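One-based numbering, in listed order, for ligands and for the atoms of each. For clarity, every value in this text was computed on a predicted model and none was experimentally measured.
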Amino acid sequence: MRGYKFWETVTVAPGKLENYEAKLAQFFTEHLHPYDESRLILEGSGYWDIRGINGDWIRFHVEKGDLIVLPPGMYHRFTLDKQNYIKALLLYTEVPTRVDVMSPEGDKLEVRKDYVNKFLNKLGCPGPTLSSASSNITEESFSSRSSDLGYDSEITAKLPALSLQDDSALAIPTVG
Ligand SMILES: CSCCC(=O)/C(O)=C/O
């Protein structure tokens with residue numbers, strides 16, 4: 001049981017978000033959060049990348065009906081695929097204070113140390129950080145992509161929705 005209490009929907013698609021290039025670039029920069037990244041894909045598709053045991057990126061293609069749950073402290077990145085469109089339900093156990101902590105800055109956080117102890121050390125992964133590992137995925141172009149992050153009132157859920165009427169709550173403060 002994760003105990004989700006809050007939700008919002010986010011659409012990442014062309015032509016809708018101020019500073020979309022910067023936001024998408026930030027999604028695609030390796031980062032972690034001090035909370036779960038839990039997303040149910042409602043429409044469209046995209047990619048999440050996580051680090052494999054040897055530090056290489058592993059890419060997951062997600063589409064409508066997929067649920068992705070990344071634990072706190074797990075480095076990852078997100079990008080769109082050729083469809084350039086994804087709509088996701090974001091689920092939170094706490095009132096979200098959107099924080100992206102970039103690699104390797106995230107290594108200093110307790111949540112990262114907990115993640116490393118809980119998962120990576122048990123798997124025999126090398127070292128406490130994988131942030132300098134090489135990537136086996138070529139960085140995709142961000143051109144002709146944009147995002148529209150906003151509250152979608154047409155979605156109904158038995159969870160209290162956030163009153164995100166604009167993208168200010170998703171301004172995505174960063175560390176590192
Ligand atoms: C399709 S959800 C937007 C991407 C996002 O919220 C995130 O945190 C990527 O790492």
Side-chain angles (χ1 to χ4, degrees), residues 2 4-52 57-107 109 111-112 115 130-131 135 137 139-142 144-152 154-155 157 159 161-162 164 166-176:
R2 305 205 79 79
Y4 295 121
K5 296 188 184 71
F6 300 91
W7 61 270
E8 62 182 321
T9 59
V10 166
T11 303
V12 182
K16 301 207 174 170
L17 180 69
E18 218 177 312
N19 298 327
Y20 72 90
E21 290 282 355
K23 281 185 178 158
L24 202 52
Q26 189 160 328
F27 288 151
F28 199 55
T29 304
E30 183 173 20
H31 64 278
L32 59 75
H33 311 287
Y35 43 77
D36 276 9
E37 172 147 320
S38 301
R39 276 87 171 103
L40 175 65
I41 311 308
L42 301 175
E43 295 171 3
S45 50
Y47 296 111
W48 260 272
D49 297 336
I50 60 168
R51 296 287 189 184
W57 285 113
I58 298 175
R59 172 156 286 189
F60 291 89
H61 189 236
V62 297
E63 55 190 15
K64 182 177 177 176
D66 289 338
L67 173 69
I68 186 158
V69 180
L70 305 183
M74 183 185 210
Y75 281 123
H76 63 277
R77 62 186 188 184
F78 167 82
T79 193
L80 292 170
D81 63 13
K82 288 195 166 58
Q83 237 190 110
N84 274 352
Y85 179 84
I86 195 168
K87 181 174 183 176
L89 178 67
L90 282 56
L91 296 163
Y92 304 98
T93 55
E94 306 293 337
V95 176
T97 51
R98 172 120 202 167
V99 178
D100 291 9
V101 186
M102 300 308 173
S103 173
E105 202 62 28
D107 294 354
L109 301 188
V111 73
R112 176 64 184 170
Y115 172 81
L130 299 171
S131 57
S135 169
I137 295 174
E139 307 247 333
E140 294 191 2
S141 161
F142 292 107
S144 75
R145 290 182 185 158
S146 62
S147 322
D148 168 23
L149 309 183
Y151 170 67
D152 186 343
E154 75 198 37
I155 303 292
L159 298 169
L162 295 168
L164 300 181
D166 56 41
D167 60 10
S168 57
L170 287 165
I172 316 178
T174 61
V175 181

Would you mind listing which atoms of ligand 1 come within a distance below 4.0 Å of any non-hydrogen atom of [X]?
X: His76; result: 10 (O)
X: His33; result: 8 (O)
X: Glu37; result: 7 (C), 8 (O), 9 (C), 10 (O)

Does ligand 1 have an atom under 4.0 Å from some heavy atom of Arg77?
->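 Outside the 4.0 Å threshold, so no.
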Is the shortest distance from a heavy atom of His31 to ligand 1 less than 4.0 Å?
->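 Yes.
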Decide side-chain contact (heavy atoms from CB on, under 4.5 Å) for Thr9 and Glu43; before the verdict, give the C-alpha distance in whole Å, the side-chain angles of both, and the deciding distance to 0.1 Å.
-> CA-CA 11 Å; Thr9 59; Glu43 295 171 3; over 6 Å; no
Does Arg39 make a cation-pi contact with Trp48, if we ask for NZ or CZ under 6.0 Å from the ring centre and within 45° of the axis?
->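 Ring-cation test returns no.
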Charged tip of Arg51 within 45° of Tyr75 ring normal and under 6.0 Å =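 Verdict for Tyr75: no cation-pi partner in Arg51.
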Report yes if Arg39 has an N/O atom closer than 3.5 Å to an N/O atom of ligand 1; otherwise report no.
->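 Looking only at distances, the answer is yes, because the N/O contact criterion of under 3.5 Å is met.
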Option whose closest heavy atom lies nearest to atom 7 (C) of ligand 1, chosen from Lys23, Lys87, Arg98, Glu8 =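 Selected option, by shortest heavy-atom distance: Arg98.
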Among Arg2, Glu37, Lys5, Glu8, which residue meets the side-chain hydrogen bond (donor to acceptor under 3.5 Å, both in side chains) test with Tyr92?
->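 Exactly one candidate clears the test, Glu8.
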So, does Arg77 use its side chain to make a donor-acceptor pair with the main chain of Phe27 at under 3.5 Å?
->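 No, because the side chain of Arg77 does not come within donor-acceptor range (under 3.5 Å) of the backbone of Phe27.
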Which heavy atom in Ile58 sits nearest to a heavy atom in Gly52, and how many Å separate them?
->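 Scanning both residues completely, I find the closest heavy atoms to be CD1-CA, 3.4 Å.
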